[in-house]
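Written out below as structure tokens is the structure these notes cover.
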Amino acid sequence: MNTRASQGTPFIPAPRITTVAGYLLTRLAEAGLASVFGVPGDYNLPILDALAGRPDLAWIGMATEQGAGYAADSYARLRGVGALVTTFGVGELSAINAIAGAYAESVPVVHIVGTPALTARDDGVMLHHNLPGRDYGHFARMAAEVTAAQADLRSGTAPAEIDRVLGTALRTSRPVYLTIPADVADIPVRAPAERLPRAAQAPDPAVVAAFTDFPEPGAARADLPPIDATPDARGGPLDQRKLWARVQDLLRPGDLLIADQGTAFDGASGLSLPDGAKLIGPPPWASVGWTVPAGLGASLGAPDRRVVLIAGDGAMRRTAAELGTLLGQGLAPIVIVLSNGGYATERVIGHPDRGYHQIPAWDWTALLAAMGPATSPVALRVGTSHELAWALNAASYHAGAGRPVLIEAVLDSGEVPSLLQELAQTLAIPAHRGEEADATADGYWLGSAEENAAVGIRLPKVTSGG
């Protein structure tokens, strides 16, 4: 099965007769796709067999269905539409969080689900991946809450239904849901005679933040001097201010900066991006762990652009397995892990010393070599501003040569970006969950009044200060 496809493949009229799966794939390619993400499962193998016969479409096998959804999401933000393939039940439910995020953030993602064969359902046997009983619509009803259109394909109506559902995705910029029974995928149908009524559209600018008119930073140096080991030369411990100043210097025109929810996006949102660079993140849905698979999707959606990923260690743990997928595609991003031993944003919200904010320590610098030894990855651990400056300079050099780079930036557990600090100081709302707040509370809840109520916080009357 092909795993890479050239970009910009011209539209080639399909033969007069195709299959249900073939019709769908033709429409996806016409809409602008070159890569389809997903995880194989027995019910979706007929769809993947059809995909294997398409030289214009690359199959990107992911570690998890959720990762596939995140990758399709970021791919769609750059290409106008994205797609993933999962299996019935267990697979599609693993992806539904990513689909809900695409719905919340207005991203057109096509979720294709292989379902049990109609003949097997008619036999009345208990089929795996389903809930007890013979109702095969449980998961479609769940999907209907987070998609703009749905269809369960049958041979007689599949072409029209595919066009209707894909047209809705492109028109509304929302995810859609298509199920294909295993014995329907190969049924012959007439191939598309005309193009889709509505072509793929550009990503929503409110979703993909772009800032311009920042001068190009200096080019990376090939001569990389060793780090001076003296404490003074190292510049003292790394903090958020120094971190983002160094990241600012790293960025170049046209870069894609992918920042995870939490301190990474809070810090990145304060940067002035160079001309043509884009900041991409999931702030409305705020699902932690989005960055690594999203970085894969962005890299494939815009292969001519450098990708810089930034995520906290807590977020990275959620989808770290997709680093292996990314390396397997031969990609060379710059990955920066903000290593502070836990969930920094939640520490600001309340009770910073509580154990539930902590996470076990990982050796981040060993991760790339374990997942992609053939890629000759570069891994660096830094704890000062000067070390970070040297490491980022090295990262630009090595990534430019096709070697992936991971930098673990060690920060104090209490370090948060200035934006989050300012929010806490401005709101100045001390609170305890489930009881009246008092002046000695050790945390702040940064939500709206409705959000505060939703998590059980009752606030006293507060007067705004200067």
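All of these numbers come straight from a predicted model, not from anything done at the bench.
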Between Asp135 and Arg141, does the side-chain contact (heavy atoms from CB on, under 4.5 Å) criterion hold? Intermediate values first, please.
CA-CA 11 Å; Asp135 183 351; Arg141 291 191 292 273; 2.9 Å; yes
Main-chain N/O of Leu411 paired to Asn340 side chain as donor or acceptor, under 3.5 Å:
no
Once rounded to the nearest 0.5 Å, what's the spacing between atom OG1 of Thr119 and atom CG of Asp183?
4.5 Å
Gap between atom CG of Leu93 and atom CE of Met142 - 0.5 Å precision
5.5 Å
Tell me every residue that passes side chain to side chain contact (heavy atoms under 4.5 Å, CB included) with Asn130, counting only those two or more places apart in sequence or in another chain.
Phe88, Tyr136, His138, Phe139
Working to the nearest 0.5 Å, report the span between CG of Leu338 and CG of Asp313.
8.0 Å
Under 4.5 Å between any side-chain heavy atoms of Pro404 and Leu331, yes or no?
no
Within the 4.5 Å heavy-atom criterion, are Met316 and Trp362 side-chain neighbours or not?
no
In the structure I gave you, are the side-chain heavy atoms of Leu51 and Val85 within less than 4.5 Å of one another anywhere?
no
Is Arg134 reaching over with its side chain to a backbone N or O of Arg121, donor-acceptor style, under 3.5 angstrom?
yes
Return yes if some donor-acceptor pair links the side-chain N/O of Ser173 with the main-chain N/O of Ser106 below 3.5 Å, else return no.
yes
Heavy-atom side-chain contact between Gln261 and Pro283 under 4.5 Å
yes
Give the minimum heavy-atom separation between Thr86 and Leu84, together with the two atoms involved.
CG2-CD1, 3.8 Å
What's the shortest heavy-atom distance between Ser35 and Leu33, and which atoms?
O-CD2, 3.6 Å
With sequence neighbours excluded, tell me which residues meet ring-ring contact (aromatic ring centres under 6.0 Å, His included) with Tyr177.
His111
Exam field: side chain Arg305 to backbone Leu256, donor-acceptor pair closer than 3.5 Å
no
Between Glu322 (side chain) and Thr64 (backbone), is there a donor-acceptor pair under 3.5 Å?
yes
For Gln150 versus Thr147, what's the shortest heavy-atom pair and its separation?
NE2-OG1, 2.9 Å
Answer with yes or no whether the side chains of Gln240 and Trp244 bring together a donor and an acceptor at under 3.5 Å.
yes
Exam field: side chain Glu105 to backbone Ala102, donor-acceptor pair closer than 3.5 Å
no
Flag the pair Thr18 / Val189 as yes when at least one side-chain heavy-atom distance between them is below 4.5 Å, and no otherwise.
yes
Spell out, as yes or no, whether a donor-acceptor pair under 3.5 Å connects the side chain of Asp239 to the backbone of Asp412.
no
Do Leu127 and Tyr43 have side chains that approach each other closer than 4.5 Å (heavy atoms only, starting at C-beta)?
yes
Any donor and acceptor pair, going by atom type alone, linking the side chain of Asp56 with main-chain N or O of Ala29 inside 3.5 Å?
no
Say you draw a straight line from OH of Tyr103 to CD1 of Ile96; how long is it, rounded to the nearest 0.5 Å?
12.5 Å
Does the side chain of Leu28 come within less than 4.5 Å of Ile112's, by heavy atoms?
yes
Ignoring hydrogens and angles, state whether a donor on the side chain of Glu408 or Thr365 is under 3.5 Å from an acceptor on the partner side chain.
no
Between Leu250 and Ile334, is any pair of side-chain heavy atoms under 4.5 Å apart?
yes
Looking only at heavy atoms, what is the nearest atom pair of Ala259 and Ala268, with distance?
CB-CB, 3.9 Å
Backbone of Asp255 reached by a side-chain donor or acceptor of Arg306 within 3.5 Å:
no
To the nearest 0.5 Å, how far apart are CD in Glu65 and OG1 in Thr87?
8.5 Å
Show your working on side-chain contact (heavy atoms from CB on, under 4.5 Å) between Leu166 and Val81 and close with a plain yes or no.
CA-CA 9 Å; Leu166 294 187; Val81 67; over 6 Å; no
I need the Leu257 CG to Lys278 NZ distance, nearest 0.5 Å.
12.5 Å
Let's go through Val113 and Asn44 carefully: what are the C-alpha distance in whole Å and the side-chain angles of both, what is the deciding distance for side-chain contact (heavy atoms from CB on, under 4.5 Å) to 0.1 Å, and is it a yes or a no?
CA-CA 7 Å; Val113 180; Asn44 67 27; over 6 Å; no
Do any N or O atoms from the side chain of Arg27 and from the backbone of Gly22 form a donor-acceptor pair under 3.5 angstrom?
no
Return a table of donor-acceptor pairs under 3.5 angstrom between the side chains of residues 285-300 and protein atoms on other chains or two or more places apart.
unit_1 : atom_1 : unit_2 : atom_2 : d
Trp285 : NE1    : Asn97  : O      : 3.3
Trp285 : NE1    : Asn97  : OD1    : 3.0
Ser287 : OG     : Tyr70  : OH     : 2.6
Ser287 : OG     : Asn97  : ND2    : 3.0
Thr291 : OG1    : Asp260 : N      : 2.9
Thr291 : OG1    : Asp260 : OD2    : 2.8
Ser299 : OG     : Gly295 : O      : 2.8

Residue pair Pro274 / Pro253: nearest heavy atoms and the distance that separates them:
CB-N, 3.5 Å
Apply side-chain contact (heavy atoms from CB on, under 4.5 Å) to residues Thr26 and Arg54 and explain how you reach the verdict.
CA-CA 9 Å; Thr26 295; Arg54 298 287 304 231; 2.8 Å; yes
Residue pair Ala76 / Val109: nearest heavy atoms and the distance that separates them:
CB-CG2, 4.4 Å
Please check if any side-chain donor atom of Asp152 sits under 3.5 Å from a side-chain acceptor atom of Thr179, or the reverse.
yes
